[in-house]
Amino acid sequence: MSCDFSWKISELFVQKIENSSKVIYKYDAWGGRDSHKFGYVILDSIDVFDINNAESLPFQYFETIPTKQNISGVICEELDGQITPEKIFIPLKIKNSEEKGIKIKAKIFQNEGFVLRTQGYKQYQFETFKESRDSLFFYNLNDITSMEPEHLDILKFKKTNIFIRTKISNIVSEISIEDLKVSQKDEIISNIRYDLTPKNKTKISSFSNIGIFKEVKLPKD
């Protein structure tokens with residue numbers, strides 16, 4: 001019996017690393033027999049992304065904006081010999097490595113402790129936004145899912161796990177944010193998912209390429 005292990009990329013995002021020729025891709029792909037690959041890959045900006053040669057970074061979430069010297073991330077899993085009924089909210093282990101000349105730090109958290117602090121999903125429409133070097137600010141937001149909708153004057157997110165999707169003519173359709181908060185003592189505080197949609201036509205070029213992932217339009221079959 002032969003199996004078809006060709007891959008179909010379902011989603012692809014890219015982010016530039018400031019003052020570097022390197023970029024980071026976030027990919028999600030499906031292959032034969034429902035095989036699934038996903039993660040983050042560092043490439044030179046002139047290289048073509050190839051799912052068959054993708055060597056993923058060892059984490060699920062970015063903790064800081066990637067730089068040409070350092071990238072810090074977070075992953076949740078169970079480590080052999082460290083499974084315990086106690087909920088742990090600080091790293092079980094920190095793994096250091098290097099990729100494309102960049103130092104990689106992965107903080108490995110206990111799955112149960114991470115999940116316990118991962119609570120919440122919110123959807124808002126925003127009227128305007130502002131971008132600083134390390135953050136995004138959204139203004140005049142309306143809750144679009146709750147039975148008792150709330151209004152927020154402002155929401156601020158640090159630039160880490162931000163993904164912008166587009167529709168035709170590079171107009172923003174949705175901004176997905178994993179708002180991961182880790183204390184200075186490396187304790188998981190919270191991780192809330194936000195999906196934001198603009199009230200007004202907003203071009204993706206209005207956002208910078210640093211600390212923000214932008215959707216790569218894939219060719220249609």
Side-chain angles (χ1 to χ4, degrees), residues 5 7-31 35-80 82 90-111 113-115 117-118 134-136 157-165 175-183 186-193 207-216 218:
F5 288 103
W7 294 96
K8 179 177 177 59
I9 299 175
S10 57
E11 203 166 51
L12 189 65
F13 294 85
V14 68
Q15 171 183 156
K16 291 184 178 180
I17 297 178
E18 191 173 20
N19 299 321
S20 168
S21 63
K22 303 292 189 296
V23 297
I24 301 175
Y25 283 98
K26 180 186 185 295
Y27 71 94
D28 193 284
W30 294 87
S35 48
H36 188 205
K37 289 182 72 173
F38 57 92
Y40 301 93
V41 175
I42 302 174
L43 291 177
D44 196 276
S45 58
I46 63 172
D47 292 337
V48 177
F49 177 82
D50 182 356
I51 186 69
N52 295 299
N53 297 320
E55 294 291 335
S56 296
L57 295 173
F59 50 74
Q60 296 166 281
Y61 306 94
F62 287 90
E63 188 180 6
T64 58
I65 298 175
T67 71
K68 63 181 181 180
Q69 288 90 20
N70 300 283
I71 297 177
S72 180
V74 166
I75 187 171
C76 53
E77 60 182 44
E78 294 292 2
L79 298 182
D80 293 340
Q82 297 193 37
I90 59 175
L92 301 175
K93 183 179 179 181
I94 296 177
K95 180 181 178 182
N96 293 298
S97 58
E98 188 170 308
E99 183 74 25
K100 308 290 186 183
I102 302 174
K103 293 179 180 179
I104 309 296
K105 177 184 285 187
K107 297 178 181 179
I108 303 171
F109 286 83
Q110 181 202 54
N111 186 66
F114 191 91
V115 170
R117 294 284 171 88
T118 302
D134 62 0
S135 301
L136 277 178
F157 301 99
K158 65 178 183 179
K159 289 183 180 179
T160 45
N161 306 290
I162 298 175
F163 306 91
I164 303 181
R165 295 178 174 84
I175 302 173
S176 295
I177 300 167
E178 294 284 349
D179 188 28
L180 174 65
K181 288 184 168 61
V182 180
S183 75
D186 275 350
E187 179 179 348
I188 289 290
I189 300 172
S190 65
N191 185 30
I192 299 175
R193 164 72 178 265
F207 296 84
S208 77
N209 297 309
I210 306 301
I212 298 172
F213 283 96
K214 294 182 177 181
E215 185 177 23
V216 177
L218 301 168

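We use all heavy atoms of the structure for the numbers below, so side chains are in, but hydrogens, waters and symmetry mates are not.
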Could you tell me the separation between the CG atom of Leu180 and the OG atom of Ser190, rounded to the nearest 0.5 Å?
7.5 Å
Presence of salt bridge, Arg117 and Glu187, under 4.0 angstrom
yes
Closest non-hydrogen atoms of Pro91 and Lys107, given as atom of the first, atom of the second and distance, are CG-CB, 4.2 Å
Approximate separation, where rounding is to 0.5 Å, of Ile162 CD1 and Ile175 CD1
8.0 Å
Looking at Ile42 and Glu99, what are the two nearest heavy atoms and their distance?
CD1-CG, 4.0 Å
Do Ile192 and Ile177 make a side-chain contact, defined as non-hydrogen atoms from C-beta onward lying under 4.5 Å apart?
no
Can the ring centres of Tyr61 and Phe114 be said to be less than 6.0 Å apart?
yes
Suppose we call two aromatic rings close when their centres sit under 6.0 Å apart. Are Phe49 and Tyr27 close by that rule?
yes
Taking C-beta and beyond as the side chain, do Leu57 and Ile104 meet within less than 4.5 Å on heavy atoms?
yes
When you compare the side chain of Ile75 with that of Pro58, does any pair of heavy atoms fall below 4.5 Å?
no
To the nearest 0.5 angstrom, please state how far the CH2 atom of Trp30 sits from the OG atom of Ser10.
7.5 Å
Could you tell me if the side chain of Leu43 sits less than 4.5 Å from the side chain of Tyr25, heavy atoms only?
yes
What's the spacing between Lys181 NZ and Thr160 OG1 if we round to 0.5 Å?
9.0 Å
Over 12 foreign heavy atoms within 6.0 Å of CD, Glu11:
yes
Any cation-pi pair here, Lys26 with Phe163, using under 6.0 Å and within 45°?
yes
How long is the gap from CD1 on Ile24 to NZ on Lys100, to the nearest 0.5 Å?
12.0 Å
Do you know which two heavy atoms are closest between Ser72 and Phe59, and how far apart they sit?
C-CE2, 4.5 Å
Any idea which heavy atoms bring Ile212 and Lys159 closest together, and the distance?
CD1-CE, 4.3 Å
Between Ser35 and Trp7, is a side chain to side chain contact (heavy atoms under 4.5 Å, CB included) present by the stated rule, with each step listed?
CA-CA 9 Å; Ser35 48; Trp7 294 96; 3.7 Å; yes
Run the side chain to side chain contact (heavy atoms under 4.5 Å, CB included) test on Ile65 and Glu18 for me, step by step, so that the C-alpha distance in whole Å, both residues' side-chain angles and the decisive distance to 0.1 Å come before the verdict.
CA-CA 9 Å; Ile65 298 175; Glu18 191 173 20; over 6 Å; no
Output, in order, the C-alpha distance, side-chain angles, deciding distance and verdict of side chain to side chain contact (heavy atoms under 4.5 Å, CB included) for Glu63 and Asp186.
CA-CA 10 Å; Glu63 188 180 6; Asp186 275 350; 4.2 Å; yes
Minimum heavy-atom separation for Gln60 to Cys76, with atom names?
OE1-N, 2.9 Å
Other residues, nucleotides and ligands only: do more than 12 of their heavy atoms fall within 6.0 Å of NZ on Lys37?
yes
Begin with the C-alpha distance, continue with both residues' side-chain angles, and end with the deciding distance and a verdict on side chain to side chain contact (heavy atoms under 4.5 Å, CB included) for Phe207 and Ile164.
CA-CA 9 Å; Phe207 296 84; Ile164 303 181; 3.6 Å; yes
Heavy atoms from other residues, nucleotides or ligands near NZ of Lys16 exceed 12 (cutoff 6.0 Å)
no
Heavy atoms, side chains only, cut-off 4.5 Å: are Leu92 and Phe109 in contact?
no
Between Ile17 and the options Ile102, Val23, Asn209, the side chain to side chain contact (heavy atoms under 4.5 Å, CB included) test singles out Ile102
Neighbour count above 12 (heavy atom, 6.0 Å) for Ile94 CD1:
yes
Approximate separation, where rounding is to 0.5 Å, of Lys22 NZ and Ile71 CD1
10.5 Å
Minimal heavy-atom distance between Glu215 and Arg165, with the atoms involved, is OE1-CA, 3.3 Å
Would you say the ring centers of Phe62 and Tyr40 fall short of 6.0 Å from each other?
yes
Can we say Lys103 and Glu98 salt-bridge, meaning some charged N sits less than 4.0 Å from an Asp/Glu carboxylate O?
no
